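This report concerns only the one structure given below.
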Amino acid sequence: MKFLNFLPMLLAAFLLTTGIGNNASEVLAAEKHNIMVKDAWSRARPGSAKVGGAFVMIKNEGSKADRLVSVKSPVAKRAEIHESFMKEGVMSMAPVDDVVIEPGQKVMLKPGGLHIMLMGLTQKLKMGEEFPMTLVFEHAGDIKVMVHVKEAGAMSGAHKH
Ligand SMILES: [Cu+2]
């Protein structure tokens, strides 16, 4: 039965190309495009909240610069890339068009710095849960990650072991 011998190979090929599971898709993305997106996290938001922040680490392991140009997630009507800055002693923020990631560079999107703003939340972000988010790069294309929801005042996505 040649076909039965062939089955495990078919299955392996299927798993490789679909990248089942978050880790698999991250690895696949990194291998294909040299852009790695890691440690995506957010903060718990009540059902009444209209906006939320999302944070990630982006690493360019290639030899060419790439640009994060947009972000999307089913939990928000739209997502913007924001930067935070001090203006007359007040913490303010404004949208930016893109984020350039130079070769070998690691960019942290974090509270008080560059971040992703989820505008028009369509659901409550519950601590301990996760939701999908897609980062769109000029060269690497779409990279989908799962965003872990931390407590409301969390300042980092660091995993506690
Ligand atoms: Cu913002």
Side-chain angles (χ1 to χ4, degrees), residues 19 21-30 32-62 64-161:
N22 187 40
N23 288 337
S25 60
E26 274 176 14
V27 169
L28 197 67
K32 254 168 73 184
H33 311 295
N34 299 314
I35 291 289
M36 166 109 76
V37 180
K38 272 181 64 178
D39 303 333
W41 65 283
S42 184
R43 287 164 166 169
R45 305 291 285 151
S48 56
K50 294 281 175 282
V51 297
F55 316 98
V56 289
M57 197 275 273
I58 305 167
K59 195 175 172 197
N60 186 347
E61 296 179 326
K64 275 199 322 194
D66 205 343
R67 288 190 311 139
L68 172 65
V69 289
S70 66
V71 180
K72 50 199 174 184
S73 172
V75 304
K77 289 195 181 105
R78 63 175 207 283
E80 294 179 351
I81 308 164
H82 281 188
E83 64 177 341
S84 306
F85 51 89
M86 291 299 280
K87 194 185 172 187
E88 288 154 18
V90 180
M91 188 62 114
S92 310
M93 59 185 173
V96 295
D97 291 335
D98 55 22
V99 177
V100 175
I101 305 105
E102 300 290 346
Q105 199 191 8
K106 210 194 260 185
V107 176
M108 290 280 286
L109 275 65
K110 58 178 192 285
L114 282 167
H115 58 276
I116 293 158
M117 207 82 214
L118 302 166
M119 317 284 290
L121 287 176
T122 54
Q123 66 178 73
K124 152 180 184 178
L125 304 182
K126 233 176 120 190
M127 181 178 154
E129 291 188 349
E130 49 180 34
F131 60 86
M133 183 170 77
T134 302
L135 288 83
V136 183
F137 292 87
E138 181 181 25
H139 299 298
D142 289 14
I143 298 182
K144 188 177 164 186
V145 291
M146 292 307 290
V147 182
H148 299 262
V149 182
K150 306 270 170 182
E151 68 268 20
M155 285 307 288
S156 90
H159 295 287
K160 291 182 191 126
H161 291 285

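Everything numeric in this text was worked out from a predicted model, so none of it was measured. If you read the sequence from its start, that first residue is 1, and numbering goes on from there. Only heavy atoms go into these numbers, but all of them, side chains included; no hydrogens, no water, no symmetry mates. Both ligands and their constituent atoms are indexed starting at 1 by order of listing.
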Salt bridge flag under 4.0 Å for residues D97 and R67: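 Answer for the salt bridge query: no.
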Separation between NZ of K144 and CG of L135, rounded to the nearest 0.5 Å: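 It is 12.5 Å, given to the nearest 0.5 Å.
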Gap between atom CG of D66 and atom CG of D98 - 0.5 Å precision: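 Here the interatomic distance stands at 10.5 Å.
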side-chain contact (heavy atoms from CB on, under 4.5 Å), paired with V99, selected from V69, I58, V107: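 With V99 as partner, V69, I58, V107 yield a single side-chain contact (heavy atoms from CB on, under 4.5 Å), made by V107.
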Just distance, no hydrogens or angles: give the donor-acceptor pairs under 3.5 Å from side chains in residues 113-130, sequence neighbours left out.
{"residue": "H115", "atom": "ND1", "partner": "S84", "partner atom": "OG", "Å": "3.4"}
{"residue": "H115", "atom": "ND1", "partner": "G113", "partner atom": "O", "Å": "2.9"}
{"residue": "T122", "atom": "OG1", "partner": "P74", "partner atom": "O", "Å": "3.1"}
{"residue": "T122", "atom": "OG1", "partner": "V75", "partner atom": "O", "Å": "3.0"}
{"residue": "E130", "atom": "OE1", "partner": "H148", "partner atom": "ND1", "Å": "3.2"}
{"residue": "E130", "atom": "OE1", "partner": "H148", "partner atom": "NE2", "Å": "3.4"}

Taking every non-hydrogen atom, the tightest pair across K64 and N60: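 For K64 and N60, the tightest heavy-atom pair comes out as O-ND2, 2.8 Å.
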Number of protein N/O/S atoms that sit closer than 2.8 Å to the Cu ion (ligand 1):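 Near the Cu ion (ligand 1), the number of protein N, O or S atoms below 2.8 Å is 4.
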